[in-house]
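We use all heavy atoms of the structure for the numbers below, so side chains are in, but hydrogens, waters and symmetry mates are not.
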Amino acid sequence: MVAHEYAHGYAALKQGDTTAYSLGRLTWNPIPHIDPFMTILLPLLTYFTTGIAFGGAKPVPVIPRNYRNFKRGDIIVSLAGVATNFVIAVCCIPLIVLVGFIGRSAPALQNTAAILQAMFLYGVLINLALAAFNLIPIPPLDGSHVFKYILPPAWALNYQRLGARGLLILFLLIGFGAPVLNFWFAPVFLLDKLTRAVFPYILPSPWTM
């Protein structure tokens, strides 16, 4: 999530908005990205009520009117986080193979290497899931900032007003919209299955089996 939020802030800076940078949010330190409700209380609440931990980092503040090109900047900044999660997922795959080679070459490092492999395996799944979730076209998620430009102007205005009820809609979707979510996340499950190609390089251990 830190990489996701950093990407938003960095993209905004490149598009002409210095808000995130000025407020110290353009950092890899996770502490400034923690929101007491979204990052701590909400995941606990949703986990114990629905069985799914739902939450997020503190949104990076941006002022779209500062973008050199409003529409282009809005789309780029909105998709920067999703693109970052996808890149991280892809980068985890060769790292799984590399760590497997290291573990087999140095048996003393095998347990440590296996733990790293488990982390990278989860890295693929979690980052793909974060990318897919943020692309759901429900305001204020990132996907809504792209979807609104597809709609006629009058519809787009009303659509953006859903942002005030966005969290409620997401709660209802998570609690009662399993078929919809399964359909939306189907590409994630498919791409995650492609990681089976690296299974021959997985080190046997309690963490990876």
Side-chain angles (χ1 to χ4, degrees), residues 1-17 19-21 25-30 32-35 38-39 42-43 46 52-64 66-95 119-151 156 159-160 162-163 166-167 169-171 173-174 177 180-195:
M1 289 193 295
V2 172
H4 182 102
E5 296 303 327
Y6 183 96
H8 282 313
Y10 183 77
L13 182 64
K14 291 299 181 181
Q15 294 304 309
D17 177 37
T19 306
Y21 176 78
R25 294 297 305 280
L26 207 59
T27 174
W28 291 102
N29 180 358
H33 298 291
I34 292 175
D35 180 84
M38 288 291 293
T39 315
L42 185 59
T46 54
I52 300 173
F54 168 74
K58 184 190 297 183
V60 166
V62 297
I63 302 177
N66 290 337
Y67 300 153
R68 285 184 289 272
N69 181 304
F70 181 87
K71 180 177 178 180
R72 181 174 178 270
D74 194 22
I75 292 173
I76 289 174
V77 172
S78 299
L79 293 182
V82 170
T84 299
N85 287 127
F86 185 76
V87 169
I88 292 173
V90 171
C91 289
C92 283
I93 295 175
L95 289 173
M119 292 171 64
F120 292 138
L121 285 166
Y122 278 112
V124 174
L125 178 59
I126 291 172
N127 278 283
L128 288 177
L130 281 172
F133 180 80
N134 278 282
L135 283 174
I136 295 175
I138 295 176
L141 294 179
D142 298 334
S144 68
H145 289 269
V146 178
F147 186 70
K148 69 183 179 184
Y149 292 112
I150 302 174
L151 301 174
Y159 170 70
Q160 289 177 80
L162 288 175
L167 276 180
I169 296 171
L170 287 172
F171 287 150
L173 185 62
I174 292 170
V180 176
L181 288 176
N182 287 336
F183 172 78
W184 186 263
F185 281 92
V188 172
F189 302 138
L190 177 61
L191 289 171
D192 186 57
K193 286 180 180 179
L194 295 179
T195 59

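Every residue two or more places apart in sequence or in another chain that forms a side chain to side chain contact (heavy atoms under 4.5 Å, CB included) with L151 is listed here: F147, W155, A156, Y159. Partners of N134 by side chain to side chain donor-acceptor pair (under 3.5 Å), not counting sequence neighbours: none found. Applying the ring-ring contact (aromatic ring centres under 6.0 Å, His included) test to F86 and every residue at least two apart in sequence or in another chain returns nothing. With sequence neighbours excluded, the residues satisfying side chain to side chain contact (heavy atoms under 4.5 Å, CB included) with L121 are I96, I202. Take Y149 and apply the side chain to side chain donor-acceptor pair (under 3.5 Å) test, not counting sequence neighbours, and it matches D74. Every residue two or more places apart in sequence or in another chain that forms a side chain to side chain contact (heavy atoms under 4.5 Å, CB included) with I138 is listed here: I136, I169, L170, L173. Evaluation of the side chain to side chain contact (heavy atoms under 4.5 Å, CB included) rule for L79 yields I75, L135, V146 as partners, not counting sequence neighbours. For Y10, there are no ring-ring contact (aromatic ring centres under 6.0 Å, His included) partners, not counting sequence neighbours. With sequence neighbours excluded, no residue forms a ring-ring contact (aromatic ring centres under 6.0 Å, His included) with H33.
In this structure, CG on L162 lies 12.5 Å from NZ on K148, to the nearest 0.5 angstrom. I34 CD1 to N29 CG: the interatomic distance, rounded to the nearest 0.5 Å, is 8.5 Å. Taking CG of L130 as the reference point, atom CG of D142 lies at 10.5 Å (rounded to 0.5 Å). Atom-to-atom distance recorded for I93:CD1 and L191:CG is 8.5 Å, nearest 0.5 angstrom. Rounded to the nearest 0.5 angstrom, N85 CG and M1 CE are separated by 10.0 Å.
For residues 120-130, the set of pairs meeting the salt bridge (Lys or Arg N to Asp or Glu O under 4.0 Å) definition, not counting sequence neighbours, is empty. Residue pairs satisfying the salt bridge (Lys or Arg N to Asp or Glu O under 4.0 Å) criterion with at least one member in residues 130-139, sequence neighbours excluded, are absent.
Closest heavy-atom contact between L128 and V188: O-CG2, 3.6 Å. When every heavy atom of A20 is checked against every heavy atom of G9, the shortest pair comes out as CB-CA, 3.9 Å. The two residues P94 and V90 make their nearest non-hydrogen contact at CD-O, 3.0 Å. Heavy-atom minimum distance, L95 versus C91: CG-O, 3.3 Å. Looking at every heavy atom in both residues, A80 comes nearest to A11 through CB-CB, 3.6 Å. When all heavy atoms are compared, the tightest approach of P140 to G166 is CD-CA, 4.4 Å.
With a 4.5 Å cut-off on side-chain heavy atoms, H4 and T84 do not count as touching. The closest side-chain heavy-atom distance from P139 to Q160 is not below 4.5 Å. Between W184 and F133 there is no side-chain heavy-atom pair separated by less than 4.5 Å.
In this structure, M119 places its CE atom where only 12 or fewer heavy-atom neighbours from other residues, nucleotides or ligands lie under 6.0 Å away. Other residues, nucleotides and ligands place more than 12 heavy atoms under 6.0 Å from the CZ atom of F189.
Side-chain atoms of D17 never come within 3.5 Å of backbone atoms of P64 as a donor-acceptor pair (strictly under, hydrogens ignored).
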Side chains of residues 52-62: which donor-acceptor pairs under 3.5 Å do they make with residues two or more places apart or in other chains?
none

